[in-house]
Amino acid sequence: AMALRFSANLSWLIHLMAGRVPQGVERAAVAGEMEATFIENLRHAADVLAQEDMVGLVEPINSRITDPRYFLNTPHQAAAILEKVGRPNLRLQLDLFHCQIMDGNLSRNLETYLPLIGHIQIAQVPGRHEPDSPGELNFPYIFKLLESLGYTGYVGCEYAPKGDTIEGLGWLRSYWESKGMKPGGPRKATE
Ligand SMILES: *[C@@H]1O[C@H](CO)[C@@H](O)[C@H](O)[C@H]1NC(C)=O
């Protein structure tokens, strides 16, 4: 079993990518070999990163729309690989856009994999725009869920703004308001 002690706030995080199934090759024919290579590379990277107190992240990317040949596609596959790699400074980067497209079931997936998660990314589905743009995901609910689960890491905005980036942050202003925070968000006690 992996050690799960972790503080996202004290660490530098870096995304370690899985690579793609080669063109013209069946995924199933190379999956075993690709996984073995990925595991070996992750162990190497984890040991290098550990010397700098850094954390490596693996991110499942959807193969249905965005990247059909990407090797790492679901949180289950990522969790199984992290388990096999067995390094405490590797974590799951869960992009909810990809997770919704591949697997849905976001509440249960977040609950189940929370101990593995080092970074979360958000975008509405299917447009990949702001979280409050029209789409399948209910982000006010998801943000509450992350709070109730005790998630303390960052949430990255991995979306293409529909228009102006700053104007598109209305969802964040609404979130702050819902928490009784002033515009500009949380302040440290010393500020
Ligand atoms: C939902 O996700 C959980 C956690 O990954 C899993 O155990 C469960 O089987 C999933 N449910 C469905 C219907 O896929």
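The structure presented is a predicted model; accordingly, all values stated were derived computationally and were not measured. Position 1 is the first residue of the sequence; numbering continues from there. Each ligand, and each atom within it, is numbered from 1 in the order the structure gives.
- Of the charged side-chain nitrogens involved, none lies within less than 4.0 Å of a carboxylate oxygen, so that Asp103 and Arg108 do not count as a salt-bridged pair.
- For the pair Glu111 and ligand 1, no heavy-atom separation below 4.0 Å is found.
- For atom 7 (O) of ligand 1, the closest heavy atom belonging to the protein is Thr112 OG1, 5.0 Å.
- Annotation: atom 5 (O) of ligand 1 to nearest protein heavy atom, Asn109 OD1, 2.8 Å.
- Contact annotation for atom 11 (N) of ligand 1: protein present (non-hydrogen atoms, distance under 4.0 Å).
- Closest approach of Gly118 to Leu13, counting heavy atoms only: O-CD1, 3.5 Å.
- Remark: Leu110 CG to Leu106 CG distance equals 6.0 Å, nearest 0.5 Å.
- Summarising the geometry of Ala50 relative to Asn89, their closest heavy-atom pair is N-ND2, 3.4 Å, with the distance given to 0.1 Å.
- Cluster membership check: Met102 does not share its hydrophobic cluster with Leu116, using side-chain heavy-atom separations under 4.5 Å among Ile, Leu, Val, Met, Phe, Trp and Tyr.
- Against a heavy-atom cut-off of under 4.0 Å, Tyr113 is close to the following atoms of ligand 1: 5 (O).
- Shortest non-hydrogen contact noted between Val155 and His119 is C-CE1, 4.5 Å.
- Protein non-hydrogen atoms do reach within 4.0 Å of atom 1 (C) of ligand 1.
- Interface of Asn105 with ligand 1, defined as ligand atoms under 4.0 Å from a residue heavy atom, comprises 1 (C), 2 (O), 3 (C), 8 (C), 10 (C), 11 (N), 12 (C), 14 (O).
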